[in-house]
Amino acid sequence: MKQSGEMLRHFAFFEELGKMDERDPAWHSVSAGLVLLRLVDEWIDVGLGSNRPDAWSISAVREAIAEMPETTPLRRILTGVLDTIVSSDVVANHVVSPRLMAFAQVLEYEAKWSLAADVYRTIVAHGHPMEDGDIVVPASIQLGLCLRNLGDLQGAADAYTDAGRVADSNGDLIGVLRARIGEAKIATARGNMPQAEAMLEETIQCAEANSLDDVHSRALHDRALVAGLRGQYDRVVQFAYRALDLATGQRERDRILADIATGFLDLGLVDVARDAYLILVATAQDQYVRWTAGLNLMQVASREQMEPMFDRYRRDFDNVELPPYLQAYYFLNVGNGYRTFGRNRDAVPYLERAVQVATTNQLNQLLFQAEESLAGARVAAARPPVQNNVYVPQEVLRVATAIRELKLQTANA
């Protein structure tokens with residue numbers, strides 16, 4: 001899978017460097033990542049006839065890595081990639097791909113999705129779909145996630161389709177199902193809930209029948225998200241708690257806990273939701289999850305008519321460069337909060353921005369909500385109070401107890 005020569009390779013890194021000050025320590029990390037990726041390109045593309053890369057290129061990468069802050073985990077990862085290239089007797093993508101995956105994952109944790117996507121593209125571009133399928137498939141799936149976070153739904157859909165095709169060719173059932181979950185995410189983002197629901201139900205059944213706990217957990221988690229968009233908030237908590245029990249990684253557990261909290265918020269159990277969001281703001285590994293929890297704490301404050309706390313959370317995001325979905329969600333939350341406080345005039349510009357971002361990025365579900373809120377704000381209609389569900393199933397109350405216990409454990413840790 002060769003990358004097109006018509007597009008500047010690693011443009012995302014050049015673009016990121018162009019936005020940064022060279023005196024910023026992070027500039028050196030981005031610069032080192034760029035020169036390393038160019039060395040990988042040289043090693044694989046040019047080095048096929050001579051498996052030793054140019055000595056000058058190796059020195060340039062070592063010097064760039066030496067300029068990185070010693071505390072960043074990327075320094076060790078990039079050094080590992082370089083040492084592997086230098087010591088390897090053969091030129092092969094699979095030799096460096098696991099370390100490049102680690103590079104991309106750290107960028108994801110820091111919400112540097114355009115950079116992470118570039119690294120995943122590099123892995124996919126140099127990989128053979130049959131010989132390197134075990135790395136091409138997960139790299140394509142993560143590429144889809146990054147592009148989705150950047151608002152490129154079509155690019156994400158293409159990445160998931162590629163992942164599914166390669167996985168199917170290699171008899172990789174886990175890859176096929178994970179790609180299917182990705183395709184369901186795209187259907188959800190485009191507002192096609194019936195399609196997403198059907199795809200996820202099929203995936204849940206297949207994963208359960210084959211005892212694939214991680215895939216089963218991921219599909220249940222996304223099924224919970226669709227239930228939330230359908231207003232089935234008790235089912236959100238139940239699906240997500242089942243997913244939490246099956247989850248195999250802390251990062252995924254954080255994401256699931258965030259959606260359990262949102263289920264409780266939508267049910268009107270605001271105190272339980274607040275406990276979960278506070279846990280995530282303090283402990284979540286992923287920047288995206290911490291951002292989401294902070295945005296939802298702002299929503300909690302508006303629900304409880306705590307305007308000073310609402311403004312404090314709003315100010316926390318004043319200078320944060322959020323990805324498209326969270327950007328639209330932020331504008332929607334601020335606009336709805338102002339409406340709750342009777343400040344419709346202040347709400348309008350935020351809701352207009354929410355509509356604009358959602359429209360540009362085809363975030364149809366958020367667009368529906370933003371347009372409805374904007375229409376109410378423009379006629380200065382009071383935002384109706386959130387109606388709490390009268391009945392909360394016993395299964396949901398048991399989950400609420402578990403979340404309260406988790407909050408106590410976190411506080412005492």
Side-chain angles (χ1 to χ4, degrees), residues 3 8-128 131-132 134-136 138-140 142-143 145-146 249-251 285-287:
Q3 213 168 3
L8 176 64
R9 278 179 170 178
H10 316 304
F11 176 76
F13 281 81
F14 285 107
E15 187 175 45
E16 185 73 8
L17 287 171
K19 296 187 293 186
M20 301 175 73
D21 189 320
E22 290 187 32
R23 293 168 294 184
D24 184 345
W27 187 93
H28 296 289
S29 295
V30 177
S31 177
L34 172 60
V35 294
L36 178 75
L37 289 173
R38 297 181 75 178
L39 177 65
V40 170
D41 294 336
E42 176 190 340
W43 183 60
I44 293 178
D45 291 346
V46 181
L48 290 174
S50 172
N51 63 18
R52 294 295 174 188
D54 182 85
W56 183 89
S57 299
I58 294 172
S59 297
V61 176
R62 287 206 188 281
E63 290 173 9
I65 292 174
E67 294 292 329
M68 295 172 67
E70 293 188 9
T71 55
T72 175
L74 284 177
R75 181 170 176 148
R76 177 178 54 81
I77 292 170
L78 298 189
T79 300
V81 177
L82 177 61
D83 290 345
T84 298
I85 291 174
V86 172
S87 63
S88 180
D89 293 328
V90 295
V91 176
N93 184 55
H94 69 265
V95 174
V96 294
S97 288
R99 289 176 171 82
L100 289 177
M101 286 289 287
F103 178 22
Q105 285 163 4
V106 171
L107 293 170
E108 274 193 68
Y109 291 149
E110 296 174 352
K112 300 291 186 181
W113 289 293
S114 61
L115 301 184
D118 193 299
V119 180
Y120 288 128
R121 279 197 180 99
T122 299
I123 296 168
V124 173
H126 291 309
H128 188 283
E131 296 173 6
D132 303 318
D134 61 331
I135 200 78
V136 168
S140 296
Q142 293 308 116
L143 172 60
L145 182 149
C146 292
Q250 187 57 47
R251 186 184 183 201
Q285 295 180 353
D286 196 321
Q287 177 65 75

Please tell me if the side chains of [X] and [Y] come closer than 4.5 Å, counting only heavy atoms from C-beta onward.
X    : Y    : result
D41  : H126 : yes
H94  : V136 : no
V35  : I65  : no
V81  : F103 : no
L34  : E16  : no
W113 : L145 : yes
V30  : K112 : no
F13  : R38  : no

Report task. Indicate yes or no for a side-chain donor-acceptor contact from H128 to the backbone of E131 under 3.5 Å, with no hydrogens or angles considered. Result -> yes
Report task. Spell out, as yes or no, whether a donor-acceptor pair under 3.5 Å connects the side chain of S87 to the backbone of D83. Result -> yes
[atom2] on [Y] to [atom1] on [X], rounded to 0.5 Å:
X    : Y   : atom1 : atom2 : value
E110 : L74 : CD    : CG    : 5.5 Å
M68  : T79 : CE    : OG1   : 7.5 Å
D118 : E15 : CG    : CD    : 10.5 Å

Testing the basics here: between [X] and [Y], what is the closest heavy-atom pair and its distance to 0.1 Å?
X    : Y    : value
P73  : V106 : CG-CG1, 4.4 Å
D286 : E108 : OD1-O, 4.0 Å
V124 : S140 : CG2-OG, 3.5 Å
Y120 : C146 : CE1-SG, 3.9 Å
L78  : G33  : CD1-N, 3.8 Å
G80  : T84  : O-OG1, 2.8 Å

Query raised in the report: Can Q250 and Q285 be said to form a side-chain hydrogen bond (donor to acceptor under 3.5 Å, both in side chains), step by step?
Result: CA-CA 8 Å; Q250 187 57 47; Q285 295 180 353; 5.8 Å; no
Report task. Evaluate the criterion side-chain contact (heavy atoms from CB on, under 4.5 Å) for residue pair V86 and R62; output intermediate values, then yes/no. Result -> CA-CA 11 Å; V86 172; R62 287 206 188 281; 4.2 Å; yes
**Report entry** CA sep, side-chain torsions, deciding dist, call: L100, L37, side-chain contact (heavy atoms from CB on, under 4.5 Å)
**Finding:** CA-CA 9 Å; L100 289 177; L37 289 173; 4.1 Å; yes
Requested in this report: For atom CZ of R75, decide whether the heavy atoms of other residues, nucleotides or ligands shown that lie under 6.0 angstrom number more than 12.
Outcome: yes
Anything under 3.5 Å between a donor and an acceptor, one on a side chain of residues 19-26, the other on a protein residue two or more places apart or in another chain? List them.
{"from": "D21", "atom 1": "OD1", "to": "R23", "atom 2": "N", "distance (Å)": "2.8"}
{"from": "D21", "atom 1": "OD1", "to": "R23", "atom 2": "NE", "distance (Å)": "3.1"}
{"from": "D21", "atom 1": "OD2", "to": "R23", "atom 2": "NE", "distance (Å)": "3.3"}
{"from": "D21", "atom 1": "OD2", "to": "R23", "atom 2": "NH2", "distance (Å)": "2.7"}
{"from": "D24", "atom 1": "OD1", "to": "A26", "atom 2": "N", "distance (Å)": "2.9"}

